[in-house]
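All values below were derived from every heavy atom in this structure, side-chain atoms included, with hydrogens, water molecules and symmetry-related copies excluded.
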There are 2 protein chains.
Amino acid sequence: MAHGIKFKLNEKLYIKDPQDTTYGQKLLKHSIFLFHKLGFESFTFKKLAKEIESTETSIYRYFENKHFLLLYLTCWYWEWVHYLIDINLMNIVDPKRKLKIIIHNIVNASAENPLTEYINENVLHSVIINEGSKAYHIHDVDKENEKGYYLSYKRLVKKVSDVMQEFSPNFPYPKLLASNLFEMANNQIYFAEHLPDMTEIKNRKRKFDDLEEAMCLITFKLLK
Amino acid sequence: MAHGIKFKLNEKLYIKDPQDTTYGQKLLKHSIFLFHKLGFESFTFKKLAKEIESTETSIYRYFENKHFLLLYLTCWYWEWVHYLIDINLMNIVDPKRKLKIIIHNIVNASAENPLTEYINENVLHSVIINEGSKAYHIHDVDKENEKGYYLSYKRLVKKVSDVMQEFSPNFPYPKLLASNLFEMANNQIYFAEHLPDMTEIKNRKRKFDDLEEAMCLITFKLLK
DNA sequence: CTAAATAGATAGTATTACTATCTTAAAATA
DNA sequence: TATTTTAAGATAGTAATACTATCTATTTAG
């Protein structure tokens, strides 16, 4: 499997691309763990600086503020899921099989084969489940959308939506269903872990497989 | 229609219940507008104090911090939707009609008949769409859940889930579907307004009706 | 070998998120 | 009516946050 892969993210997300320097990679690596440990609200550049034995100033040379750092990680995550879907869909023609693979990759976005040394995909997945929606639920969403900050997510939704339409040309809401699948995947795991009354998915090892099964049932019942 | 109604919310959400005093009601009223205007991140008690021509100190006598204020409003909103569903479900026996009414009230949670003078339900709905999920996507979610802060939401999901089970006793995921309907309702309106590539719902006057139609189609196709 | 780029060090500011205390006004009660 | 709670305003102050500016030391590239 490819190693040392780099995703091209919107250039306005960062001041200097952290993927390009060892310092930047260290920054990314520890930011994922620190977001996981503290949550978005309590996370600060000062604490991150301490973690990587550096200074606030140096971190500010890469990102304007913590919002852009989270958004960067979120975009990286979307690109990663897109990449997973792309390689797993190679040579598949049956749209039903395609959808099953897509759902598997949306829910079970775990890393059997890590792509990079500096991004722990499993911890990042956890951060996305807990904090991901905060990257685009912001007051300046329209301005940021204009600047193309959410293109990674939108392209991903389009890809899934297109396969849905291929499978079921008459279904009137492929984009709604696709975006809802992404949101559902993260929300239902969040509920399973923290608000178990809100879902049938139990917080156990198999939870990702359970959710995958539920999402397959829902998707195919709707598209049939 | 009832006027001056008061919802009983978890007592640990506030230091002093704002519904009980005219000052508190003014606080609530303007906090909704200010959350709407600034978003959660830029909202501060100092700015709110200025808005109501008061002081930070006085606001701190009602709420520990802005998180609890948002959570209070969110709980009020859930209680309100619950109330709407309850009164509109009176004397309805057919579970299919029940579900249609429920979906209408989830999506179209607007106020033809305002319940209170101090809460603008339409602006509050907008705040919930934009900021609502931040009330429970927090690092201390488990602690807060233990204290019962999310009971309003959980009860609401249970109510809807129960009707789903009544309509379709063999459907294996009523809670998942119910919680997903609530999340979908807010998300898809958010997408329609800000990220239109993510949904078929168009950002126009009829958007709530369009979404209601989509959600009915989805729900009944799944439960049939 | 020199110039440019990168990160560290230090300092400083405005704002945020509070807490403490004291005073005044209004409402409740004796 | 007098008194005592209670609610809110005023003022002050602190620690942390979210930055910006500047200067120096070290690496890296041409």
Side-chain angles (χ1 to χ4, degrees), chain A residues 6 11-31 34-35 37-73 118 131 134-135 138-140 143-144, chain B residues 6 11-31 34-35 37-73 118 131 134-135 138-140 143-144:
Chain A
K6 187 193 158 177
E11 289 183 8
K12 288 171 196 154
L13 286 176
Y14 48 80
I15 295 164
K16 187 182 161 69
D17 194 340
Q19 288 180 103
D20 288 341
T21 65
T22 43
Y23 179 92
Q25 294 175 2
K26 199 176 174 186
L27 192 170
L28 289 180
K29 183 176 186 167
H30 287 84
S31 72
L34 205 58
F35 272 131
K37 187 179 167 192
L38 301 177
F40 182 71
E41 286 71 31
S42 298
F43 176 101
T44 70
F45 278 1
K46 200 167 196 177
K47 290 172 186 168
L48 177 58
K50 203 178 171 186
E51 204 74 18
I52 59 177
E53 289 171 301
S54 174
T55 56
E56 263 184 293
T57 329
S58 301
I59 297 170
Y60 275 108
R61 288 191 181 108
Y62 284 82
F63 291 103
E64 253 180 87
N65 52 49
K66 69 175 174 176
H67 161 66
F68 283 99
L69 173 49
L70 178 66
L71 187 51
Y72 186 96
L73 293 173
Y118 55 94
E131 320 289 345
K134 293 172 193 168
I138 50 157
H139 200 61
D140 287 340
K143 264 185 218 163
E144 297 206 348
Chain B
K6 187 192 157 178
E11 288 183 9
K12 289 170 195 154
L13 286 176
Y14 49 81
I15 295 163
K16 187 182 163 70
D17 194 340
Q19 288 181 103
D20 288 343
T21 65
T22 43
Y23 179 92
Q25 294 174 2
K26 199 176 175 186
L27 192 170
L28 290 179
K29 182 176 187 166
H30 287 84
S31 71
L34 205 59
F35 272 132
K37 186 180 168 190
L38 301 177
F40 182 71
E41 286 71 32
S42 298
F43 176 102
T44 69
F45 277 0
K46 200 167 197 175
K47 291 172 187 168
L48 177 58
K50 203 180 171 184
E51 204 73 18
I52 60 177
E53 289 171 299
S54 173
T55 56
E56 262 184 293
T57 330
S58 301
I59 297 170
Y60 275 108
R61 286 189 182 110
Y62 284 82
F63 291 103
E64 253 181 88
N65 52 50
K66 68 174 174 178
H67 160 66
F68 282 98
L69 173 50
L70 178 67
L71 188 51
Y72 186 97
L73 293 173
Y118 55 93
E131 321 289 346
K134 293 172 193 167
I138 50 157
H139 200 61
D140 286 341
K143 264 185 218 162
E144 297 206 347

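- Looking at B/T57, its side chain comes within 3.5 Å of the base of D/dT11 through a donor and an acceptor atom.
- Checking D/dG9, D/dA7, D/dA18 against the side-chain heavy atoms of B/K16 singles out D/dA7 as nearest.
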B/L69/B/F43 under side chain to side chain contact (heavy atoms under 4.5 Å, CB included): CA gap, chis, key distance, verdict: CA-CA 11 Å; B/L69 173 50; B/F43 176 102; 3.8 Å; yes
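- OP1 and OP2 of D/dT17 both lie 4.0 Å or more from every side-chain N or O belonging to A/K66.
- Contact detail for A/A49 and A/E56: the closest heavy-atom pair is CB-N, 3.6 Å.
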CA sep, side-chain torsions, deciding dist, call: B/H30, B/L48, side chain to side chain contact (heavy atoms under 4.5 Å, CB included): CA-CA 7 Å; B/H30 287 84; B/L48 177 58; 3.9 Å; yes
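- Nucleotide C/dA17 holds its P atom 11 Å from the CD atom of A/E41, rounded to whole Å.
- Among the nucleotides D/dA7, C/dT6, C/dT16, the one closest to any side-chain atom of B/K46 is C/dT16.
- Here the shortest heavy-atom pairing between B/T44 and B/L34 reads O-CD2, 4.5 Å.
- Below the 3.5 angstrom threshold, one finds a donor paired with an acceptor across the side chain of B/R61 and the base of D/dA8.
- Residues forming a ring pair (Phe, Tyr, Trp, His ring centres under 6.0 Å) with B/F45 (at least two apart in sequence, or on another chain): B/Y60.
- Nearest nucleotide to the A/N65 side chain, out of C/dG8, D/dC19, C/dA17: D/dC19.
- Using cut-offs of 30° and 60° on the angle between ring planes, the pair B/F63 and B/Y72 is perpendicular.
- At a threshold of 4.0 angstrom between heavy atoms, the contacts of B/Y60 include nucleobase atoms, whether or not backbone atoms are also involved.
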Pair assignment for DNA chain D - dot-bracket with | for other-strand partners, Watson-Crick or G-U under 3.5 Å: ||||||||||||||||||||||||||||||
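- Nucleic acid contact class of A/Y62 (heavy atoms, under 4.0 Å, all strands): sugar-phosphate only.
- For A/D17 and C/dA5, the CG to P distance is 17 Å, given to the nearest whole Å.
- Atom NZ in B/K47 sits about 16 Å away from atom P in C/dA14, given to the nearest Å.
- Nearest-nucleotide positions on DNA chain C place A/S58 closer to the 5' end than the other of A/S58 and B/F45.
- Heavy atoms of A/K26 sit nowhere under 4.0 angstrom from any nucleic acid atom.
- Looking at A/S54 and A/Y23, their side chains do bring a donor and an acceptor atom within 3.5 Å of each other.
- In this entry the distance linking CD of B/E64 with C1' of C/dT19 reads 13 Å, nearest Å.
- Nucleotide D/dA18 holds its C1' atom 14 Å from the CG atom of A/L69, rounded to whole Å.
- Between the P atom of C/dA5 and the CG atom of A/D20 lies a distance of 15 Å, rounded to the nearest Å.
- In terms of position on DNA chain D, the residue among B/G24 and A/E56 whose nearest nucleotide sits closer to the 5' end is B/G24.
- Atom CG of B/L48 and atom C1' of C/dC18 are 15 Å apart (whole Å).
- B/Y14 and B/Q19 share no donor-acceptor pair across their side chains, judged by distance under 3.5 Å alone.
- A/T55 has no side-chain polar atom (N or O) that falls below the 4.0 Å cut-off from OP1 or OP2 of C/dA9.
- Side-chain N/O atoms of B/S54 include one lying less than 4.0 angstrom from OP1 or OP2 on D/dG9.
- Note: OH (A/Y23) to P (D/dT28) measures 16 Å, nearest angstrom.
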